[in-house]
Amino acid sequence: MARPLSMDAQQQEFWKEQYLQELRLRFRWRQRFGASVKAKQEQRRRATREPLKLPALRSPAPVAQAQRPPQAPAGAAPGIPEGEMKPVAPEVRKLLYQGISQDGEGRRRYLRLRTTRGPEEKYYTPVTTNFIYGWQMGKVTNVYVPPSPKCRIESFFRKNGVFSLLDPRDVAL
């Protein structure tokens, strides 16, 4: 709300009283609550300056040394995979240690080569549900594309207008 530009003496005295009344109210509040607010602020400042102290952890009870798992019998199948991912070829793994990624070698080159291989070549079984779609589908065959594509529709509307006689080419036989 805009204040009117022309004020008489009565309005000036009203605004002066309102201003002084608000000043007194603020002063009384500061006298009453100022010390407690300042103490809380100091407490917060001290808390932020002090380093955070975490409770000390008790060391866990010593664990007995685990025994080695029993060796597989001699007749066990050696082809059972350890994890879900097939091992990386040694020549591809060596790329990790040759050069730096910034130059397009090292890790960058290794990852680029790994992404060129499909999931079927990297994993024993599908790991996610997205892998299931197309798993063991084989190579995708090329789709036949006709040499001349279909005609493009120039306009949604008729060529001859609404009420004109139909062109024989526009009528379905």
Side-chain angles (χ1 to χ4, degrees), residues 33-34 36-173:
F33 302 109
S36 63
V37 168
K38 195 169 187 176
K40 284 181 184 177
Q41 287 175 344
E42 280 299 318
Q43 187 179 12
R44 284 187 192 135
R45 279 192 203 117
R46 272 188 259 118
T48 56
R49 286 185 199 140
E50 294 174 3
L52 182 64
K53 295 180 181 176
L54 297 175
L57 295 176
R58 287 181 278 142
S59 61
V63 180
Q65 281 193 347
Q67 296 177 359
R68 291 180 102 189
Q71 293 291 333
I80 297 175
E82 282 290 321
E84 56 193 24
M85 194 169 205
K86 294 179 182 177
V88 182
E91 60 271 2
V92 176
R93 185 180 295 258
K94 286 180 185 176
L95 293 176
L96 275 173
Y97 308 108
Q98 296 174 358
I100 56 175
S101 294
Q102 189 174 359
D103 297 335
E105 296 175 347
R107 184 170 179 253
R108 181 179 285 177
R109 188 170 176 201
Y110 168 80
L111 291 174
R112 200 176 319 118
L113 281 174
R114 289 292 290 166
T115 54
T116 57
R117 299 183 67 198
E120 289 179 43
E121 299 170 14
K122 291 191 274 187
Y123 296 94
Y124 291 110
T125 58
V127 179
T128 64
T129 54
N130 281 339
F131 281 11
I132 295 172
Y133 301 107
W135 190 263
Q136 294 180 344
M137 213 167 112
K139 278 207 170 227
V140 180
T141 58
N142 292 337
V143 179
Y144 173 74
V145 179
S148 58
K150 293 183 179 180
C151 296
R152 189 176 71 165
I153 298 173
E154 293 294 330
S155 171
F156 171 77
F157 303 102
R158 285 184 178 178
K159 299 176 198 170
N160 300 336
V162 179
F163 297 110
S164 65
L165 296 173
L166 294 176
D167 187 28
R169 291 178 290 168
D170 291 342
V171 180
L173 297 176

Contact summary for [X] and [Y], nearest pair of heavy atoms:
X: Tyr110; Y: Val88; value: OH-CG2, 3.7 Å
X: Gly106; Y: Ser101; value: C-OG, 4.5 Å
X: Glu105; Y: Gln98; value: CB-O, 3.5 Å
X: Trp135; Y: Tyr124; value: CZ2-O, 3.9 Å

Any chance you could lay out the side chain to side chain contact (heavy atoms under 4.5 Å, CB included) test for Met85 and Val127, step after step, and finish with the verdict? CA-CA 9 Å; Met85 194 169 205; Val127 179; over 6 Å; no
Lys122 (side chain) donor-acceptor with Thr115 (main chain) under 3.5 angstrom: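 Answer holds: no.
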Interatomic spacing from [atom1] in [X] to [atom2] in [Y] - rounded to 0.5 Å:
X: Thr125; Y: Ile132; atom1: OG1; atom2: CD1; answer: 9.5 Å
X: Glu121; Y: Thr116; atom1: CD; atom2: OG1; answer: 8.0 Å
X: Leu95; Y: Arg112; atom1: CG; atom2: CZ; answer: 10.0 Å
X: Glu120; Y: Lys86; atom1: CD; atom2: NZ; answer: 8.0 Å

Can you confirm whether more than 12 heavy atoms, excluding those of [X], are under 6.0 Å from its [atom1] atom?
X: Lys38; atom1: NZ; answer: no
X: Gln41; atom1: CD; answer: yes
X: Arg93; atom1: CZ; answer: no
X: Gln102; atom1: CD; answer: no

Does this structure show an ion pair linking Glu91 with Lys94, if we count only N-O contacts that are shorter than 4.0 Å?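 The answer is no: the pair does not qualify as a salt bridge.
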